[in-house]
Structures are given as structure tokens and as C-alpha cells.
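Keep in mind the model is a prediction, meaning the values are calculated, not measured. Per chain, numbering begins at 1; letters A, B, ... match sequence-line order.
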Amino acid sequence: MSDTLLANLNPEQLAAVTLPDQPALILAGAGSGKTRVLTTRIAWLIQTGRVSPQGVLAVTFTNKAAKEMLTRLSAMLPINVRGMWLGTFHGLCNRFLRLHHRDAGLPQTFQILDTQDQQSAIKRLMKANGVDDEKYPPKQVGWFINNCKESGLRPGDVEVNDEFNRKYVQLYQLYQDQCEREGVVDFAELLLRTYEVLLKNIPLRTHYQHRFSHILIDEFQDTNTLQYAWLRLLAGQGEYMSDIDRTRAAESKRIAVANIFAVGDDDQSIYAFRGANVGNMDSLVRDFQVRNLIKLEQNYRSHGHILNSANALIKNNAKRLGKELWTDAGVGEQVRVFEAPSDLAEAQFVLEEVGGLTRDGWPRSQCAILYRSNAQSRAFEQGLMRHGIPYRVYGGLRFFERAEIKHALAYLRLMENPHDDTAFARVVNLPTRGIGARSVEQLQDMARERGTSLYGAVAFLAGKAGTSIGAFVKLIDGMRFATQGLPLHEIVEHIIDASGLLAMYRADKEGEERIENLEELVNAARNFNAEEGYALDAPATQAEAENELPSPLAAFLSHASLEAGDNQAQAGEDAVQLMTVHAAKGLEFDAVFLTGLEEGLFPHENSLKEDGGIEEERRLMYVAITRARKRLYISFCASRMMHGQTRYGLKSRFFDELPEEALRWLTPKISGMGTGFSAGMRDAWQRGGGKPFGDADYGGGAVPAFAKPQTSHGWRLGQGVRHPKFGEGVIVNLEGAGNDARAQINFGEAGMKWLALSVARLERV
DNA sequence: TCTAAGTCAAATAAT
DNA sequence: TTGACTTAGA
């Protein structure tokens, strides 16, 4: 049995899977079989009796990854994997807090705020306390709070050095009080609260430390400070112990030191912007004295030219653990590089190539169009739509984030916990029942005065506002009474109707889709297995033994918060895949179109200001390149519609970092940082007279028309120039006339400059 | 209280 | 350009 499990692993993979019980870090390059190693490791540990399923803690970042591992595991092992502690950080913490809610000081029915909910809670709080939201933007406040929590800091722990800071900390405190009062937790709180319980509650901590003898983590490079501290604590390496204590404790077996098995790739760390700390990889090696550092460098995905491009690019990053992918698949095709005169022309090019690939028998689902920012998808979507090519866009609104779904969920949340003010405020006047901003304000004042929730404050309201809001409370209470004891999907069905949501969308001529989504919510409730994730083969703690499980409705609501669901599923059809590079991480396609490779877009201009920003952009580019199996296209545009304006860009600096022999230019290659627009093309472009999109000839002739006012000084937008000091650039803006005329020029790496045309020694190129 | 017109800003994102 | 949010007027 063990033979089949380990068959077809390469030597490094085999070494990783069968490592003895010691801390290990696996540096797994893109396409090197990372998930396979992780799941096979778990299966092998269990199969060889080194650990029981109960003793394994396996953590991932996304639900998708967790599901994938569960699926693979159940195929490898003849056991029920449901009860295993395998899941996302947040999912596992949710499970922990439900089981130990008393130790955590939470109501058993605590609700989870997603990002939207958190924002509205902050806004509500700021309004109630009369805080200027211009000076303290709610987004910034939320960002501050999450950052604090992710660094393990409570309001009292934050260092205050100025007035501004003081206000933020004060808001953090108010927000935290509000959450406590309402019995809600945000995402970061799930982790921090779990961490604190484990830190303070020694019996509980000891129990879990003994229980989890093997801890495995996927995408370790994406862990943040708190997540790492959490892992360290569970692994029995908490910072609360001195080295001596730890050794002594381990020797006396009072504290178990778990075998940590982390899999990651520093070159694919692309989430620093949301708190991920690649430095955790070094810390892990140090803190756990990792002697087993295994590199998985054989790539089973991409052909040679593609892989060489990725390797050459990432070599430009200074801080790396060092790793070079190789393949025995042969060099394959060169990377195709294409310059388009405009974003629409770029879309047209991609469309025609996809058409060609499809005719040659490539499945559409194996063609991916990748871009740096979501806004870029529009041009492609319009083109695909026009040509009737099926496509699927990832990102954007997901099922449980849709307004109508959030409304229905708010009613459901009020069933579980009427003191959830976020939910209350969301639907108190939805559908409209004559309770406007004024009345809600009054209610909020009252709630603050009496120190109760909005729901609790209703009893104190007098006058007209009192009666209409009183009716709302009666409605909520009535719905709770009516749904008592009903199966989950019937509860959902009932509240959708009784709340008036259904009637509201029926009356709306564009409400049809929303009604369908609400019906889908009923289906989701019907198919929801409430025990999932809580079913334990053998209860290991007292709480587990008491089987104190949340109600199906509470479980369903957590599920809705923790797993926002898929987005628009035009599933079933063979469709072209569109997504950002971030969203593409972990996926692979036969053909990849990597688009919008322009300075300012990729690398993104905002990244230039950030510490290590360029290196992160480069890793992002590395991730993008390594998504491709057989064919890779990289394209850029001379002009692009952005924010309603035409902008002129330069090709990305990353082109200079790719090996020439791996590239095949489909349009004439240009040297330096010029736009590469040939004179003839530029003139054609200048003449305008563009045809409507769809007839565009991307080869260089007609391109969409742009407004090109004739200027007295003879310079024009998009003109390529050379400056003695700054090198080559492109005019992106013109101002003034005569001697005062100035031009804004994008010199690429030398930056964006405003130059007086009468003074600057500019040459046309 | 509700609706329509006006203003402003704009990256990446899982849980 | 699009979307989120504000404000003026019915």
C-alpha cells in the first residue's frame, strides 16, 4: 500500500514526504508538485502509524486549497478525513472558538464580520461618535485595526506617539467594545482571539500541543506575524518560554514540541501588501532549528523557454533563498511578444490568437488572459462578448457578497442574535418601511445613551419613529417565532418572503436575477451540511465530548462569512479564463496571455513608492510566467484608456530582464525604453480615423481615433523623445503655449518629469 | 423620505 | 470610464 503512495515521486519529493519527525522547510518552486508532497506526507504519516488523523493539524490559506487536499487525501486513505483538523487558518479558528467559546468569552452564536460588514460597522461607529471621516477615512481605520490585530496588538498595546495616532487607537478601542457588545468578530479577531486563549489558558494549550504532534502548513511564505506566532504556540515553541524551559519541558514531556512541516516558495510571495511576511521563512529555520531544508526544483509544468524566462527574471531579485527551476520537457516554443498600438488592439490580438488556438484544438479553458489590475478586463470582455466567445472572469462579486444575499443573511443573523447592530442597521429600512436616516440616528443615540444594542434601544423610543421601528422589531420577533424548529432551508425561505425582500425585488423590473440568487440561497441552505467540519471521530476535549455544536443556522452563517463562494459561474461551458495575476497563483494553463506589460501598470506605479515594491512586482511577474505550460504571450500597449483618459506608456522594464533567445517578437522589436511605435504606425495613429473596435487592424494601420489637437510648438502626445540626461521617454501631457509650453514626459526608470519645451534639449525619436 | 443629479477617486485580495 | 457616495429638491 505504501508502495503505491510513494510511487512516481522524484528523489527530492520522496525525501520530503518521508522525512523523519523533525522540523522541516520545503522550498517548493512553481509547478514542482507542492500540493502532492503535502498531501502525500499526511497520508504517509497516517498510513505508517506515525500519527493518528487526530494528531494532524494542516493549515492552508484558501478554502479551495483545503478542499483540494481533503479530496486528494480521501482518495489516498481509507479513513474519514472530515474530522481532521485540516482547513484554513480562519476556518480552524472558527471551529476552535465555537468549541471553546466560554474560554474565549464569546457567545456561542457569535457572528463573523466580513470586510464589508467591518467597514459598515466602523462607519456606523464613527458617525455615532461624531468623528470626522475626512480626517480619519473609515478605510484607513479598518486597515489600522486589522494591522494591529495581525501584529497581536490590542488597543492598550499600541504605542501612541501623536494625536493622530491617539485617535486611531481610540477608534480601535471603540470598535472593539462595539464588537464585544454585539457579539461579533472580524477575520483578524478569529485568529487573535484563538491565539490569546491558547496563550492564557494553559490546560487548553497543553492539550492541543499534545494532540497535534504534526503541523503542516501550505504557502508558508504568505503567513503574517500573528499566524506565525499562532503556529509557534501550537507547536510548543511559544515565545513565552525561554530556551531552557523549552528543553526542560520537552524532556519531561510536559510540553510536546510538534513536528512542523512548512511548504513555501519565497519567489511566489506576492501578498506582502496585506501583511504577509516572507521573513517568517528565515524565522522558522531559526526558531525551530530546521536542519531539513529541501528544495523542489524540478518543474513539471512549463516548457524550457518559458521556464528560462522566469528564472532569468527572478534572478534580478536580491533577497532570495535561492532556487532554480529546471525541466526535462525540452525548450518548447519561444515566448511571443506583441506590441499593440492601443488596449483595444491588444484585446483584438488576443481574441484572434485565442480563435486560432481553438481552431487548432486547444480547449478554451486552457487559455488564460492575465492582467495586473481588474480594470483591464473590460476591453477583453467586450471583445469576447462581441465575438460570442464564451469566457469566465474571476474576481469581483462573489455569491455571498451580493447585496441581496447580504440582506437576507442580515435577517438570518437577527434570528440568531438580535443585538447584531450591523445586521440590524442593514435591513431596518429594507425594503423601505418609512424608517429613514433620521429615525435610525435617533435610535443610535438612544442605544448609546442606554448602553444597549439598536434592537435593545427600541423599547425606549417614543413618538412616530418609535412606532415604525417597533413594527420592525415585531416583524423580527415574529419571524424568529415562526421559524423555530424548521429545517434550515425552510427558515431561509420563510425570511426571504416574510421580510418583504422577495416582494421588493418582484416589483423591481431588474430584480429577476436577484430573485434567482435568493432562490439559490435557499438551495445552498438545503445542501448545507451543518455538521461538516465539526464531526469528530473521537472527541478529544471536554467541549468536543459535550458535543456542544452551533445550531445549523449559526454554522450556515459562519460558512457564508468564511467562504464567500464562487463568483459568476458560467460553469460547464468551455470558456476562456480571465483573471488578475494574483488570482492565477496556484493555477496553470496550456496558453497564457500576459497583458498590459507597461511601466506604471506592471510594475504598478504605486509599487515604486513602496519598500521592496519592485521586487514584489517582479515576483508577481514570475508567478504570471510560470502559469504557462506550452505557450506564453506577453503584450503591451503604446496607448491605453485609463480612468476615462488615454494614457501613453512605455514597455515594462521587465522585458529587459528576459533572455533574448527565449523571446520571439511578433511586432518589430524596439530598443531602449521607446514606445517602439514605428514612424509609419505613429503617423497612421496620428491621422486617427480609427474604425470602431471589432474591425480594428492591430497590425499597424487603422487604430482607434484619439483626439489630437494640433499644437504650435510641434510636439504632440505620444511623441517619443530623447533627453541628454534622462534618456528616452514619451510625452504624456502638454500644457501652455509659446515659451511657457511644458511637457510631461515619462522617462520610465528615470521617472515622470515636467520639462519646459523652450529649455529642454529634446530630440525626436 | 426618496430620487436624481453631481462629485470624487481610481491596485493586487483570502478569510 | 465606472462606481461609491453626497447633496439638492420633490
Side-chain angles (χ1 to χ4, degrees), chain A residues 59-66 87-94 112-120 123 133-134 137-139 143 146 149-150 185-192 218-219 222-224 226-227 269-276 343 370-379 382 394-398 400-401 403 429-441 464-465 468 558-567 579-586 596 600-610 613 616-617 619-621 623-624 640-647:
Chain A
V59 198
T60 65
F61 277 86
T62 64
N63 290 301
K64 206 173 141 203
T88 64
F89 276 102
H90 297 84
L92 294 171
C93 287
N94 176 48
I112 301 165
L113 301 185
D114 65 15
T115 315
Q116 275 182 45
D117 299 330
Q118 188 188 35
Q119 269 302 298
S120 63
K123 279 184 198 157
D133 62 358
E134 297 251 302
K139 257 203 194 126
W143 182 80
N146 291 338
K149 290 190 177 185
E150 280 163 11
V185 300
D186 56 41
F187 287 137
E189 186 71 24
L190 285 170
L191 273 117
L192 181 53
D218 190 18
E219 305 277 12
D222 288 338
T223 50
N224 65 29
L226 178 58
Q227 285 158 343
S269 158
I270 55 174
Y271 286 113
F273 74 93
R274 67 174 196 218
D343 50 346
L370 307 185
Y371 34 79
R372 174 69 239 266
S373 64
N374 278 312
Q376 287 165 255
S377 75
R378 252 192 76 230
Q382 286 176 349
Y394 289 76
L397 258 206
R398 290 173 305 170
F400 287 110
E401 292 168 353
N429 195 32
L430 214 136
T432 55
R433 35 177 85 89
I435 303 169
R438 203 62 249 284
S439 316
V440 175
E441 235 166 76
K464 212 165 74 203
S468 49
S558 318
H559 167 79
S561 304
L562 289 174
E563 193 172 344
D566 253 336
N567 30 42
M579 67 194 85
T580 64
V581 179
H582 280 91
K585 189 174 153 197
L601 190 60
F602 202 169
H604 197 278
E605 53 193 347
N606 293 0
S607 74
L608 304 178
K609 301 170 219 143
E610 284 160 25
E616 178 139 328
E617 294 288 305
R619 291 193 292 270
L620 194 51
M621 176 83 179
V623 167
R640 167 181 300 280
M641 196 61 121
M642 271 179 98
H643 309 326
Q645 277 182 321
T646 305
R647 296 236 314 226

Tabulated below should be each protein N or O lying under 3.5 Å from an N or O of nucleotides 1-4 of chain B; please produce it.
unit_1	atom_1	unit_2	atom_2	d
B:dT1	OP1	A:Gly436	N	2.4
B:dT1	OP1	A:Ser439	OG	3.1
B:dC2	OP2	A:Asn429	ND2	3.3

Between the protein and nucleotides 4-9 of chain C, which nitrogen or oxygen pairs are less than 3.5 angstrom apart?
unit_1	atom_1	unit_2	atom_2	d
C:dC5	OP1	A:Lys123	NZ	2.9

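A salt bridge does not link A:Glu150 to A:Arg274: none of the charged nitrogens lies less than 4.0 Å from a carboxylate oxygen.
Using a 4.5 Å heavy-atom cutoff, the side chains of A:Phe602 and A:Val581 are in contact. A:Tyr394 is not listed as a side-chain neighbour of A:Thr580, based on a closest heavy-atom distance of 4.5 Å or more.
Although no hydrogens or angles enter the test, the distance criterion places no donor-acceptor pair under 3.5 Å between the side chain of A:Glu219 and the main chain of A:Thr60. Of the possible donor and acceptor atoms, one in the side chain of A:Asn429 sits under 3.5 Å from a partner among the backbone N and O of A:Ile435.
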Given protein heavy atoms under 4.0 Å, the one-letter contact record of nucleotides 7-15 of chain B, with B base, S sugar-phosphate only and - none, is simply ---BBBBBB
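Using bins of under 30°, 30° to 60° and over 60° for the plane-to-plane angle, the ring pair A:His582/A:Tyr271 lands in the tilted bin.
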Between A:Leu370 and A:Met579, is a side chain to side chain contact (heavy atoms under 4.5 Å, CB included) present by the stated rule, with each step listed?
-> CA-CA 5 Å; A:Leu370 307 185; A:Met579 67 194 85; 3.7 Å; yes
So A:His90 and A:Ile112, side chain to side chain contact (heavy atoms under 4.5 Å, CB included) or not? Walk me through it.
-> CA-CA 10 Å; A:His90 297 84; A:Ile112 301 165; over 6 Å; no
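When only modelled atom types and interatomic distance are considered, A:Gln376 and A:Ser373 share a side-chain donor-acceptor pair under 3.5 Å.
None of A:Asn94, A:Asn63, A:Leu562 except one satisfies the side chain to side chain contact (heavy atoms under 4.5 Å, CB included) rule with A:Thr88; the exception is A:Asn63.
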